[in-house]
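Worksheet: the structure to be examined is printed underneath.
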Amino acid sequence: MGATVLQVVIHPPVLVKGLRCIAIILKRFFLFQFKSALFPGRVPVSWIRHELDDRIPFNPRFVRIYLDFTGFWIRIVGFLCIRYRKKGPAMAVDFINSISRLYLFAFQIYKKNLSTTTRPRYTKTFYFRLIHLLDPHLMCLPSLHVMLVIQSYIRFREYVKAMGEEEALGPLTERVLAGAQVITDAVLYVKQHSINCVAAALYTMNRLFPSRFTTADAETFTYGLFQNGTRRDILPEYAPFYTGDLVSTEDIAWLREHIISLYRFFLETDAGNWKRPLLAYLSLAREKQHGSLYIFPKKDYSKERFNSASGEKNMVDGKSLVSRVVELGGREATVLENTNLRVMIDDIGGMVPELSGRRGGNGGGCSTGWINAHWMPWFRSNTGKPYSDAEHGSFWKSNLLYHIAGSFPCIPNFGPGHIAEGVPMPPHGWTSNQKWRYVTNDTDPESGAVWFLSVMESPDKGLPLSFSKIDALIPGQAIHYTSIRVRNRGPQDTEICAGWHNVVGPPFLYEGCRISGAAERWITPPPGGEFDTTTRLALGAEFSSLSRAPLLRGGKADLSIVPAPIGNTDFATGAVSRSAPLTWLGIVNPHLKMIYISFATGPSSEREDLMALYFNNLWMQYGGRPFTPWAPYEGGPDLSYCLGLENSISAFAYGLEFAREMRQVLGSPATVKIPGGAQKTLRSGVLFGPYEGGALDGGILVVQGEENRLACTGRETVFFTADPDFAILAALESHHV
């Protein structure tokens with residue numbers, strides 16, 4: 001702090017703005033409060049409370065963190081001046097101005113309606129005596145404390161980005177965010193604010209600075225509260241404060257849900273005036289003086305409403321939860337979650353980097369831990385910068401590889417980038433490269449399914465397609481459902497490829513895992529493609545069983561058993577029987593007792609408006625690509641170990657133009673036709689969950705859809721609750737697409 005004071009003194013503009021800021025704080029915060037306390041009645045006072053406030057224990061040891069909010073933003077002033085000697089003082093002045101403006105903005109609410117909460121009469125330490133002496137506790141909603149630490153974080157993030165140091169100072173930016181969340185925790189632990197005040201602060205920051213603090217930022221900030229483990233890892237200096245269970249897991253879920261729900265309520269009732277929802281809320285609070293304030297139907301917050309074994313914020317009355325977040329690399333995403341499954345879907349490319357299920361126990365049963373089945377490549381960029389061919393092309397080669405992770409939809413191309421009838425096709429199509437526009441989310445009142453809708457338009461008029469995508473979780477099921485509706489807006493019929501590029505990786509992928517599929521016949525790609533130099537398999541070879549795939553140098557390989565990294569990258573396509581109602585491809589990890597199955601509408605279920613997937617594709621990425629980005633440098637070792645379990649309608653993975661020319665593979669169509677002005681829908685699901693005993697240890701022989709369940713047969717049959725006919729997904733489409 002001493003270095004910061006020195007920087008302020010030696011830079012007169014910073015000193016002047018600092019003194020002006022102090023004057024505003026004294027006049028608009030302290031003097032006005034004392035005047036209102038000494039002469040009550042001039043400004044109405046609302047008592048802000050929610051019964052969930054009682055679930056947060058009063059914890060006096062957090063008082064020093066609570067009081068550090070001023071030092072928190074002042075240290076940023078010093079950092080800017082020291083690190084950026086030429087531009088730093090100007091940034092510091094801008095930052096201090098932004099702090100001053102926050103006090104002026106908040107005062108616009110306070111001067112019309114003061115607010116207070118239940119504050120313990122605790123004066124056993126000097127710090128609490130100081131608080132009670134200097135703070136009359138009449139300016140609670142919105143919480144300036146929370147607004148100030150959020151402002152510190154978003155401005156710090158902005159300055160770092162402007163100086164081109166996002167990557168270099170990424171860990172420090174993360175520490176600033178964690179510090180802001182810790183101080184917000186402290187605000188609640190020392191009972192200076194209600195959770196209602198926190199929600200109001202998030203709303204105010206979003207409305208004042210919508211481009212700097214988005215809804216995704218607000219939700220990410222909220223889900224970072226009460227994170228004991230995160231606090232210990234990122235801010236070890238605060239580890240002594242986060243010992244034991246400060247707040248129960250069930251209560252943390254309720255607290256976060258209420259903060260986000262109230263934040264959204266304020267946004268929805270804004271009507272173009274950011275102050276209106278807050279003042280209306282304070283007016284309602286005056287009518288409910290000394291009682292809990294509800295603006296939604298009152299909920300039962302009893303712990304019995306939670307699945308206590310889940311250890312997370314999961315299921316309430318069997319209902320799943322949805323939230324908007326910002327994940328690594330600044331990617332905006334949506335998280336769907338229930339007691340069985342958690343899935344994160346990025347806006348960019350519809351990537352699904354996380355599909356986490358509950359771990360299976362040895363010999364059966366479940367533990368409370370999560371395991372992510374999906375592949376997270378070591379080379380995925382997390383700089384937050386958009387892909388630039390000039391800047392990133394030499395290493396990543398394409399936008400797809402820059403963002404790739406887990407699974408993603410591939411439409412209208414399945415394969416490498418190329419030109420198809422004059423239209424540039426990026427690798428695996430627009431749906432895996434362009435940004436999906438998030439539209440809305442909700443919970444279906446009939447099924448309890450939680451879902452969200454996103455849309456995309458073709459970037460090229462030469463192939464005028466539009467896409468609508470619904471992602472959903474159904475209570476009691478460990479399945480991520482997806483519906484993609486493709487509409488041909490042009491007058492001419494068009495043929496496209498389509499598929500799901502599902503990729504699993506460690507720690508779920510393991511030597512000895514068992515692969516199975518619905519395909520009856522298999523074939524490897526013909527020569528002349530990307531696998532010529534990486535494969536161990538004979539090219540253009542047909543075979544009837546995964547256990548007897550012909551090798552390039554003679555002999556057979558058992559593709560149904562996952563090997564350790566072997567220095568090869570192979571590909572095989574299998575044709576699904578025309579009589580199959582489901583197309584499915586799966587993998588079993590007998591060590592973890594977990595099963596992963598990607599399934600979609602099969603050939604016999606195809607309709608005029610419903611797309612079927614005719615092929616299983618195995619992309620066996622076992623370390624055969626000694627070039628970037630798979631390897632850290634050209635000619636280096638391939639560090640990527642993953643397995644693609646892809647269902648598609650395509651010709652191998654050779655692209656749309658190749659599929660149009662080839663027409664068929666193993667007697668099944670390689671493209672799907674969408675008539676001019678018509679639309680077709682692709683429905684699919686991914687099951688990831690535990691099983692008991694050894695029923696599936698040797699792999700899956702058959703997957704069949706039955707009423708309300710999937711029957712997976714190995715040595716014995718194991719049943720998983722499911723909607724194999726996609727009836728609930730179809731109902732969501734009819735109402736929302």
Side-chain angles (χ1 to χ4, degrees), residues 410 414-415 497-504 509 513-532 534-563 566 568-588 596-600 602-604 612-622 624 642-655 658-659 662-671 698-704 712-714:
C410 302
F414 194 88
C497 292
W500 268 101
H501 199 290
N502 296 85
V503 187
V504 296
L509 183 66
C513 288
R514 302 298 179 121
I515 305 169
S516 310
E520 297 180 334
R521 291 184 297 157
W522 294 84
I523 186 172
T524 55
E530 62 174 304
F531 299 100
D532 285 9
T534 69
T535 187
R536 57 178 166 149
L537 303 177
L539 294 171
E542 293 188 32
F543 49 101
S544 59
S545 171
L546 285 178
S547 63
R548 295 182 58 78
L551 292 170
L552 188 63
R553 293 183 171 83
K556 306 290 183 180
D558 188 350
L559 303 184
S560 69
I561 301 177
V562 176
I566 55 174
N568 290 105
T569 299
D570 304 307
F571 191 90
T573 289
V576 177
S577 169
R578 294 292 188 98
S579 63
L582 277 183
T583 296
W584 65 270
L585 193 56
I587 180 172
V588 172
Y596 179 104
I597 300 175
S598 60
F599 61 96
S604 72
L613 300 183
Y614 280 77
F615 298 99
N616 292 157
N617 302 305
L618 289 178
W619 172 52
M620 295 159 279
Q621 171 56 37
Y622 300 148
C642 59
L643 172 67
L645 301 163
E646 308 159 2
N647 294 314
S648 74
I649 182 164
S650 63
F652 310 102
Y654 279 6
F658 183 89
M662 192 163 188
R663 309 304 302 166
Q664 291 187 343
V665 175
L666 295 175
S668 293
T671 60
I700 313 161
L701 300 176
V702 178
V703 173
Q704 292 179 310
C712 301
T713 301

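Along the sequence shown, the residues carry numbers beginning at 1.
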Show the atom names and distances, to 0.1 Å, of all donor-acceptor pairs under 3.5 Å that link a side chain in residues 648-655 to residues at least two apart or in another chain.
{"unit_1": "Ser648", "atom_1": "OG", "unit_2": "Asn617", "atom_2": "ND2", "d": "2.7"}
{"unit_1": "Ser648", "atom_1": "OG", "unit_2": "Ser650", "atom_2": "OG", "d": "2.7"}
{"unit_1": "Ser650", "atom_1": "OG", "unit_2": "Phe652", "atom_2": "O", "d": "3.0"}
{"unit_1": "Tyr654", "atom_1": "OH", "unit_2": "Pro526", "atom_2": "O", "d": "2.9"}

Could you check if a side-chain atom of [X] sits within less than 4.5 angstrom of a side-chain atom of [Y], using non-hydrogen atoms only?
X	Y	result
Phe571	Glu646	yes
Leu559	Leu537	yes
Phe615	Ser668	yes

Taking all heavy atoms of [X] and all of [Y], pick out the closest pair and write down the distance.
X	Y	answer
Leu585	Trp522	CD1-CH2, 4.4 Å
Ala600	Leu613	CB-CD1, 3.7 Å
Ile587	Val562	CD1-CG2, 4.1 Å
Cys497	Ala659	SG-CB, 3.5 Å

From CA spacing to verdict: side chain to side chain contact (heavy atoms under 4.5 Å, CB included), Met620, Leu643: CA-CA 5 Å; Met620 295 159 279; Leu643 172 67; 3.7 Å; yes

For Arg663, what residues pass the salt bridge (charged side-chain N to carboxylate O under 4.0 Å, His left out) criterion, not counting sequence neighbours? Glu495

Side chains of Asn502 and Tyr596: is there a donor and an acceptor less than 3.5 Å apart? yes

Under 3.5 Å donor-acceptor, Asn616 side chain and Ala518 backbone: yes

Would you say the side-chain atoms of Ser560 pair up with the backbone N or O of Ile515, donor to acceptor, closer than 3.5 Å? no

Residue set satisfying side chain to side chain contact (heavy atoms under 4.5 Å, CB included) with Thr569, at least two apart, ordered chain then number -> Phe531, Thr534, Trp619, Gln621, Arg625, Asp638

Show every donor-acceptor pair shorter than 3.5 Å between a side-chain atom in residues 539-547 and any protein atom, with sequence neighbours excluded, or say none if there are none.
{"unit_1": "Ser545", "atom_1": "OG", "unit_2": "Ser547", "atom_2": "N", "d": "3.2"}
{"unit_1": "Ser545", "atom_1": "OG", "unit_2": "Ser547", "atom_2": "OG", "d": "2.7"}

Listed once per pair and sorted, the salt bridge (Lys or Arg N to Asp or Glu O under 4.0 Å) pairs that draw on residues 569-579, sequence neighbours left out: Arg536-Asp570

Return the CG to CZ distance between Leu701 and Arg514, rounded to the nearest 0.5 Å. 11.0 Å

Residues two or more places apart in sequence or in another chain: which of them pass side chain to side chain donor-acceptor pair (under 3.5 Å) with Asp532? none

